[in-house]
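The structure appears below as structure tokens.
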Number of protein chains: 2
Amino acid sequence: MADNGTSVAGGEALLFLTDEQLRKGIEAMFFAYRGFTADPDRILEKLAYGRAHHRALHFIHRQSGLTVNTLLAVLGVTKQSLNRVLRTLIDDGLVESRIGRRDKRERHLYLTEKGTALERELSEAQRVRMRAAYRTAGPQAVAGFRQVLEAMMDLDMRRQYLMLRDGV
Amino acid sequence: MADNGTSVAGGEALLFLTDEQLRKGIEAMFFAYRGFTADPDRILEKLAYGRAHHRALHFIHRQSGLTVNTLLAVLGVTKQSLNRVLRTLIDDGLVESRIGRRDKRERHLYLTEKGTALERELSEAQRVRMRAAYRTAGPQAVAGFRQVLEAMMDLDMRRQYLMLRDGV
DNA sequence: ATTTTATGTCAGCCTTGTTGACTTTCCAAG
DNA sequence: CTTGGAAAGTCAACAAGGCTGACATAAAAT
């Protein structure tokens with residue numbers, strides 16, 4: 001059996017999923033996620049923002065003009081929790097909340113210039129790391145990386161993810 | 001260019017890392033991590049424990065007899081923060097703290113039978129999901145998954161991870 | 001004998017999650 | 001046109017789990 005836990009039988013690769021193999025994957029996820037958030041965290045710290053602010057900025061940038069309800073669904077938190085974060089972002093002039101034209105109950109969220117700038121700084125820090133990791137691991141690895149991650153999501157999360165991945 | 005962002009030039013595959021590609025990876029990480037923690041979280045909730053307890057149990061199981069200091073380094077939290085968690089685990093009879101034989105200042109941590117049982121339940125829930133994801137994605141994807149994750153870690157985290165990965 | 005290390009603990013603070021209750025505004029169905 | 005329900009905002013209270021700072025004890029190391 002090869003080191004990566006694969007073997008070939010009858011031209012078809014089979015997976016021998018030992019608990020050991022799985023544990024390595026679990027620990028890799030744990031440590032990698034720390035790396036994944038480390039760079040933005042450092043930037044946010046200086047501004048007295050947290051990861052929650054980053055997430056909000058990310059998805060507002062991603063889907064400009066989305067409603068509060070949509071953002072709640074994507075983030076998977078309560079409206080009270082989001083509101084605290086969103087209020088500071090609006091007060092600080094990073095996010096603009098516009099009343100819906102069709103449905104005036106809705107608030108549509110947009111990044112201001114200032115918000116766009118911070119989002120860019122945060123995501124660029126994150127991209128630098130991802131880019132380096134992708135380069136190190138190579139194209140095949142990258143494809144596999146995404147495949148496993150997508151297979152690991154809950155169904156409802158995958159729905160959200162695919163909507164974003166393939167365009168809204 | 002292929003859909004996965006790769007192309008072949010002169011027999012060597014090159015990576016075209018558009019911001020779009022990177023963003024998909026970033027969002028995949030975000031949603032996948034939620035899935036990754038979802039199953040243990042549900043189990044922990046019933047017992048009034050949190051993710052912090054799970055992490056402690058995991059690494060004590062992983063490296064039985066490790067000292068408090070070692071655990072602190074792996075988890076990357078302060079001793080006050082760990083202590084709160086550790087104390088409840090010890091009080092509840094999931095973890096045993098034995099005074100070091102060589103160095104009596106040290107406390108070596110072990111899972112009790114009860115602790116082992118809970119750790120198994122938690123990690124099995126996590127393994128079920130990982131196993132399913134691995135099976136769906138296939139062996140090549142799994143190798144790539146781990147490669148990218150490892151390349152994404154901070155240097156000091158990778159040190160910790162490799163020590164655990166390759167045996168202590 | 002003194003200093004350093006490992007651990008534990010108290011107090012207090014912050015972020016970010018939660019639930020519950022209540023309001024305002026507004027759309028939509030009866 | 002009234003009424004029910006949806007979208008959003010807000011107040012209060014609470015908890016987990018991070019953090020810092022300060023201090024205590026025991027034991028090792030110098």
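Throughout, a chain's letter reflects where its sequence line sits, starting with A, and its residues are numbered from 1.
For the pair A:I99 CD1 and C:dC27 C1', the computed distance is 15 Å after rounding to whole Å. In this structure, B:L89 atom CG and D:dA16 atom C1' are separated by 14 Å, rounded to whole Å. When the P atom of C:dT16 is taken as reference, atom OH of A:Y49 falls 11 Å away, rounded to whole Å. Atom pair A:L75:CG and C:dT16:P shows a separation of 12 Å (rounding to whole Å applied). Rounding to whole angstrom units, CZ of residue A:R101 and C1' of D:dA7 are separated by 18 Å. As a whole-Å value, the separation of A:R51 CZ from D:dG17 P is 15 Å. Residue B:K104 contributes atom NZ, which lies 12 Å from atom P of D:dA29 at whole-angstrom precision. Atom CD of A:E45 is separated from atom C1' of C:dC14 by 12 Å (rounded to the nearest Å).
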B/S/- along nucleotides 1-12 of chain C (protein heavy atoms under 4.0 Å) is ----BSBBBB--
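Taking 4.0 angstrom as the limit, A:T78 places a side-chain polar atom (N or O) nearer than this to OP1 or OP2 of C:dT18. Close to D:dG17, at under 4.0 Å from its OP1 or OP2, lies a side-chain N or O of B:H53.
Between B:F31 and A:Y161, the two ring planes are perpendicular [angle over 60°; tilted spans 30° to 60°]. The aromatic rings of B:F36 and B:Y33 lie tilted to each other, with the angle between the two planes from 30° to 60°.
Of the possible polar contacts, none joining the A:S97 side chain to the A:R107 backbone as a donor-acceptor pair under 3.5 Å is found. Judged purely by atom type and a 3.5 angstrom limit, B:R131 has no side-chain atom pairing as donor or acceptor with the backbone of A:L17.
Nearer the 5' end of DNA chain C, as judged by each residue's closest nucleotide, is the contact made by A:L82, out of A:R102 and A:L82.
A:R165 CZ to B:R23 CZ: the interatomic distance, rounded to the nearest 0.5 Å, is 10.5 Å.
If you check the side chains of A:T70 and A:T67, you find a donor sitting under 3.5 Å from an acceptor.
Results of the side-chain hydrogen bond (donor to acceptor under 3.5 Å, both in side chains) test with A:S123 over A:E121, A:R127, A:Q126 single out A:R127 as the only residue that passes.
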